[in-house]
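This report refers to the structure that appears directly beneath it.
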Amino acid sequence: MNGKMTVLLLMVTIYVPTFSIRAAQAQQAMNGTSRSYLPLVESHLRNLTTSGLDVYGPRETGNWMAIIDTRTGTYPDFEHTPKRVYRKIGAPRGSSLYWDQPMIVAARQLSDITGKREYAAAADRYIRDFLADGIDENGLFLWGNHCYYDAFEDRFVKFSGGYHELRPHAAAWDLFWQHDPAVVERYIRTMAARHVYDPAAGGFNRHDNNQREHAFLEAGGVLVESLAWLYGKTKDRRLLEMALKIARYSFDRRGETTGLLVNDPDTNRWDSKVCTTEVAVWANSCLRAAEFSGREDFAEMAGAAVAAYLKYGYDADAGKYFGQLNVKDGKPVTASEIGYWPRKYSDIWNPDQWPTHDYPMAMAEACLTLHGKTGDPVFFQGAHRWAEIVCRSEPSDRPAAYAEQYGLCIRFLTRAGVALKQERYTAKAHELADEAVARLCESGWFQGYPESHLYEAVDGVGYLLLALMELEADALAQ
């Protein structure tokens, strides 16, 4: 892959790293002359792009199955619904390109590192096959949180209202642009038109029904980032103006005295009164929007939003950040039961079913990015505190940790070790990587969570593979 491109990262949209590692270094590592995770990464991707393909219906495609039995290398011969997400987001009996995007990027990166083009070729075939059949009459992609492809019946299945909805991360637009710019441009323009119910004010909805319902921060971030990215390609100022309106719609509804952004200003539920680490998902999208567009307005809003959370969110006695803050006074809010909301503290190993609107590593990454961008000690302190939270965590804190959680923690610590000049953060990243390998590797695959005997796209194995490759690149660059 040439240059730096974006990919969401479920739970934290991040930049896919640009590796300094080259094929010769990779081969050296794979020959056993230095510590390497690459053979495990390659084994998983080799299996996924060969035995993990859609061969189950009358028509075979290049789609990657969203669920694989790691003991057989095929779709399970028993009924299974992914436990990490609600509804049918996990694509039972099928595939989900939206959630496969980190793995797509990992395949492209592995080809760049090793010089073996088959992984990138498999990723490109997956995208081509999707673009051939996965676009509706309005130009919207048939994917996201209410649609998946059924590999047994060879059709796209809509569920729970069948809305178009993308969250928590934007698409890796460059991947699709390389295949068909016109299709991507039409999609983003249509997406904005259908999700923005009040074009004058920037009022938006997570669903594409042009109604005032749920203006989740993460959904708004997707729209802002996507429109700013397309503006960078087309220079159509209408796109930039709409992106700014959508960002300001969320930012202008922050607490008058606290500056805390409310998760969802358009309803009267629990999330219309609190701020959570979801604000960092929004902030990261705004930071990328600033880079795509050259407009620092986005970055300034992102910095203010993150700084407000950092001001009120830290419990010094516990050494943790609170899960929910009252937008009016900044005081912590503790839910009386477990549900689709954060617990008392933001949890880097959160075991609850998504969505919980808790994205701790998105906040950690935002602190690190803003520290590098501004030099503000508030973000420096925040980045250190998040790194310490990860470093203090013990295996007993993560009895059933997901691959994505390992990946996001490893990636953050790798980056923090360099940016904050802390070798022990890098050492902890290696410790977590070794633990993830020991707990998740089985028969040449990475499981989504320990002892599940299942690879599942929604468990974020792609994030883990990207983190392992970046960690290795960092080590070889020393």
Side-chain angles (χ1 to χ4, degrees), residues 8-14 84 167-169 216-218 221 260-261 263 271 274-285 287 302 305-316 318-325 332-335 338-371 378-394 397-416 420 425 428-429 432 436 449 459-460 463-464 467:
L8 40 145
L9 252 219
L10 178 131
M11 306 302 134
V12 50
T13 314
I14 63 171
R84 191 184 187 197
R167 64 184 176 102
H169 49 69
F216 291 161
L217 285 173
E218 55 191 340
L260 292 166
L261 269 65
N263 269 40
D271 43 4
V274 303
C275 177
T276 76
T277 52
E278 184 175 317
V279 70
V281 178
W282 179 87
N284 286 325
S285 285
L287 287 167
V306 171
Y309 175 84
L310 295 176
K311 178 180 179 179
Y312 293 97
Y314 192 64
D315 183 341
K320 298 178 180 181
Y321 282 94
F322 289 112
Q324 301 181 55
L325 300 173
V333 175
T334 302
I338 295 173
Y340 298 126
W341 42 77
R343 299 191 187 192
K344 180 177 180 179
Y345 294 107
S346 182
D347 187 356
I348 60 176
W349 307 107
N350 193 330
D352 300 333
Q353 188 178 62
W354 185 88
T356 60
H357 300 272
D358 184 21
Y359 300 99
M361 299 316 295
M363 183 61 72
E365 291 278 352
C367 289
L368 208 52
T369 298
L370 286 163
H371 161 60
V378 167
F379 303 123
F380 179 78
Q381 181 186 61
H384 267 290
R385 283 175 170 174
W386 281 111
E388 292 300 325
I389 288 171
V390 178
C391 287
R392 285 197 303 270
S393 69
E394 298 292 339
D397 298 326
R398 45 184 179 272
Y402 291 101
E404 180 179 310
Q405 293 169 331
Y406 277 114
L408 297 185
C409 286
I410 293 166
R411 199 268 173 171
F412 169 68
L413 288 177
T414 300
R415 189 180 169 211
L420 305 179
Y425 295 163
K428 184 65 174 184
L432 285 174
Y449 52 94
D459 293 340
Y463 289 111
L464 175 58

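Heavy-atom basis, side chains included; hydrogens, waters and symmetry copies ignored.
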Is any side-chain heavy atom of [Y] closer than 4.5 Å to one of [X]?
{"X": "P168", "Y": "W354", "result": "yes"}
{"X": "K428", "Y": "I410", "result": "no"}
{"X": "S346", "Y": "M363", "result": "no"}
{"X": "C391", "Y": "L413", "result": "yes"}
{"X": "V378", "Y": "K311", "result": "no"}
{"X": "D347", "Y": "T356", "result": "no"}
{"X": "Y449", "Y": "Q405", "result": "no"}

Got a second to check how far [X]'s [atom1] is from [Y]'s [atom2], nearest 0.5 Å?
{"X": "I348", "Y": "C409", "atom1": "CD1", "atom2": "SG", "result": "4.5 Å"}
{"X": "F412", "Y": "E365", "atom1": "CZ", "atom2": "CD", "result": "6.5 Å"}
{"X": "L368", "Y": "R411", "atom1": "CG", "atom2": "CZ", "result": "8.5 Å"}
{"X": "C367", "Y": "Q381", "atom1": "SG", "atom2": "CD", "result": "9.5 Å"}
{"X": "T276", "Y": "N263", "atom1": "OG1", "atom2": "CG", "result": "3.5 Å"}
{"X": "H357", "Y": "Y340", "atom1": "NE2", "atom2": "OH", "result": "10.0 Å"}

Provide the closest heavy-atom pair for [X] versus [Y] in the form atom of the first, atom of the second, distance.
{"X": "G407", "Y": "A467", "result": "O-CB, 3.2 Å"}
{"X": "T414", "Y": "A429", "result": "OG1-CB, 3.8 Å"}
{"X": "N284", "Y": "A362", "result": "ND2-O, 3.2 Å"}
{"X": "P342", "Y": "A335", "result": "O-CB, 4.4 Å"}
{"X": "A280", "Y": "A366", "result": "CB-CB, 4.3 Å"}
{"X": "A403", "Y": "L464", "result": "O-CB, 3.6 Å"}

Q: Kindly write out the residues that satisfy ring pair (Phe, Tyr, Trp, His ring centres under 6.0 Å) with F379, not counting sequence neighbours, or none if the list is empty.
A: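 Scan of F379 (ring pair (Phe, Tyr, Trp, His ring centres under 6.0 Å), adjacent residues dropped) gives none.
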Q: Report the residues that fulfil ring pair (Phe, Tyr, Trp, His ring centres under 6.0 Å) with Y321, sequence neighbours left out, ordered by chain and then residue number.
A: Y309, Y314, W386
Can you sort out the partners of [X] under side chain to side chain contact (heavy atoms under 4.5 Å, CB included), two or more places apart, ordered by chain and number?
{"X": "V333", "value": "V274, Q324, N326"}
{"X": "A400", "value": "none"}
{"X": "K344", "value": "F322, T334"}
{"X": "A305", "value": "L261, V279, W282"}

Q. Do the numbers put R398 on top of the ring of W349, so that NZ or CZ is under 6.0 Å from the six-membered ring centre and no more than 45° off the axis?
A.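 Cation-pi check for R398 and W349: passes.
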Quick one: list whatever passes side-chain hydrogen bond (donor to acceptor under 3.5 Å, both in side chains) with [X], sequence neighbours left out.
{"X": "Y312", "answer": "none"}
{"X": "R167", "answer": "E165, E218"}
{"X": "Y402", "answer": "K83"}
{"X": "D397", "answer": "none"}

Q) side chain to side chain contact (heavy atoms under 4.5 Å, CB included) between V306 and L370: does it pass, once the steps are laid out? A) CA-CA 9 Å; V306 171; L370 286 163; 3.8 Å; yes
Q. Is D358 salt-bridged to R343, cutoff N-O under 4.0 Å?
A. no
Q.
Pair L420, H384 - check side chain to side chain contact (heavy atoms under 4.5 Å, CB included), show working.
A. CA-CA 8 Å; L420 305 179; H384 267 290; 4.0 Å; yes
(Q) Please list all pairs meeting salt bridge (Lys or Arg N to Asp or Glu O under 4.0 Å) that have one or both residues in residues 381-393, counting only residues at least two apart or in different chains. (A) E388-R424
